[in-house]
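Below: one structure, written as C-alpha cells.
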Amino acid sequence: MRPSIKARRKLLDAALEHFSQRPYADVTVGDIARSAGVAHGLLSHHFNGKESLYAEAVREIDRRLREAVKLTPEGSALERLRRHLVAHLEFLAEHENAARNLILRRSEATGLAWDAFEATRCEGIRAVCELLGLDADEPALQLPLRGFSAACDETALHWLAGGRPCGIEALVDVWISFLAGAIRAARGLAPSPALDEALDLLQPSRD
C-alpha cells in the first residue's frame, strides 16, 4: 500500500473510531490525527477538513451496513423484507456505538454529511420499494416512506439507548407496521393497484 493511501486509511479508521464513540462536535481534528499517528496537515490534504472526513466516515459505515443487509432472492417478499430488517438491526446491535453516534444521529449532520445520510436513506427506500413492486419516484409515496425511514431510525436509537427492551423480531414487527401505515397513507393520497398489492404482501391475511 502506498504511503499516501496508507495515511488516508489510517485517518479514516481513526475517524470511524472517534465519531463512533462521541458526537461530531466533541471530536477534534487533533484527536483524529493523533490516533492515526500522522501529521495534522495530512487530514486537510486527504479529506479537506473535519466535515469532509465525517462525511466519508458516514459513507464508509453505511457501505458496511449495506453489505450486511443485502437482499437475497429466497422466499416470499415478506420473508425477504424481514430478513433484510433483521440483518439491519443485528448490524446496529453489533456496532452499537457507531449506530448511536454515527449511523442514527442524523440531526447533527450538515452539508456534506447530510448529503451522505440522504443518499443512504434514499437507497434504503428504493430497496424496499423494489422488493414490494413499488415506484420509489411516485410522489404520493415519497413523503410517507420518508416518515417510515425516520421512524425506524428513531425507534432503533431508543431501542439501543434503552437497553434493547424487546427482541429484534418484535422490533421488526413494529417496523413492518410502520411500513404498512406509510403505504396506506400513500394510498389515501393516490390509490393504485400497486399499493393494494404491496399491502397484501405485508399482511397476507388482511381482510
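Positions are given from 1 along the sequence.
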Sole candidate of Leu131, Leu78, Leu132 that passes side-chain contact (heavy atoms from CB on, under 4.5 Å) when paired with Leu201 = Leu132
Check Thr120, Asp153, Ile61 against Ile103 for a side-chain contact (heavy atoms from CB on, under 4.5 Å) and give me the one that passes.
->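 Of all the options given, the one that passes is Ile61.
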Is the backbone of [Y] close enough, under 3.5 Å, to the side chain of [X] for a donor and an acceptor to pair up by distance?
{"X": "Ser52", "Y": "Asn48", "value": "no"}
{"X": "Arg164", "Y": "Ala93", "value": "yes"}
{"X": "Asp31", "Y": "Thr28", "value": "yes"}
{"X": "Glu79", "Y": "Ser76", "value": "yes"}
{"X": "Gln142", "Y": "Asp137", "value": "yes"}
{"X": "Arg22", "Y": "Asp26", "value": "yes"}

Going by atom types alone, do Ser35 and His18 pair a side-chain donor with an acceptor below 3.5 Å?
-> yes
Step by step, would you call Leu81 with Leu179 a side-chain contact (heavy atoms from CB on, under 4.5 Å)?
-> CA-CA 11 Å; Leu81 176 63; Leu179 179 55; 3.7 Å; yes
Under a 4.0 Å threshold between the charged nitrogen and the carboxylate oxygen, would [Y] count as salt-bridged to [X]?
{"X": "Glu74", "Y": "Arg80", "result": "no"}
{"X": "Glu96", "Y": "Arg100", "result": "yes"}
{"X": "Arg59", "Y": "Glu56", "result": "yes"}
{"X": "Arg9", "Y": "Asp13", "result": "yes"}
{"X": "Glu118", "Y": "Arg146", "result": "yes"}

Would you indicate whether the side-chain heavy atoms of [Y] and [X] approach each other to under 4.5 Å?
{"X": "Gln21", "Y": "Asn101", "value": "no"}
{"X": "Ile125", "Y": "Leu141", "value": "no"}
{"X": "Phe19", "Y": "Ile32", "value": "yes"}
{"X": "Val174", "Y": "Leu171", "value": "yes"}
{"X": "Val86", "Y": "Phe91", "value": "no"}
{"X": "Arg82", "Y": "Glu169", "value": "yes"}

Drop me the distance from [X]'s [atom1] to [Y]'s [atom2], to the nearest 0.5 angstrom.
{"X": "Leu195", "Y": "Leu134", "atom1": "CG", "atom2": "CG", "value": "6.0 Å"}
{"X": "Asn97", "Y": "Leu16", "atom1": "CG", "atom2": "CG", "value": "12.5 Å"}
{"X": "Glu67", "Y": "Arg63", "atom1": "CD", "atom2": "CZ", "value": "7.0 Å"}
{"X": "Ser44", "Y": "Leu11", "atom1": "OG", "atom2": "CG", "value": "10.0 Å"}
{"X": "Leu202", "Y": "Glu197", "atom1": "CG", "atom2": "CD", "value": "12.0 Å"}
{"X": "Leu145", "Y": "Arg121", "atom1": "CG", "atom2": "CZ", "value": "11.0 Å"}

Heavy-atom closest contact ([X] atom, [Y] atom, distance):
{"X": "Pro165", "Y": "Trp159", "answer": "CD-O, 3.6 Å"}
{"X": "Gly133", "Y": "Ala194", "answer": "O-CB, 4.3 Å"}
{"X": "Ala180", "Y": "Leu199", "answer": "O-CD2, 3.6 Å"}
{"X": "Leu189", "Y": "Ala140", "answer": "CD1-O, 3.7 Å"}
{"X": "Leu102", "Y": "Ala57", "answer": "CD2-O, 4.1 Å"}

For Glu130, look at atom CD and say whether over 12 heavy atoms of other residues, nucleotides or ligands are found less than 6.0 Å away.
-> no
Go through Leu42 and Phe47 one step at a time and tell me if the side-chain contact (heavy atoms from CB on, under 4.5 Å) criterion holds.
-> CA-CA 8 Å; Leu42 282 178; Phe47 294 100; over 6 Å; no
Might you work through the ring pair (Phe, Tyr, Trp, His ring centres under 6.0 Å) test for Phe148 and Phe178, ending with a clear yes or no?
-> CA-CA 6 Å; Phe148 158 71; Phe178 288 165; 7.4 Å; no
Sorted by chain and number, sequence neighbours left out, side chain to side chain contact (heavy atoms under 4.5 Å, CB included) with Ala127 holds for Leu71
Quick one: does NZ or CZ of Lys50 land under 6.0 Å from the six-membered ring centre of Tyr24, within 45 degrees of the ring axis?
->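 Geometry flag: set, cation within 6.0 Å and 45°.
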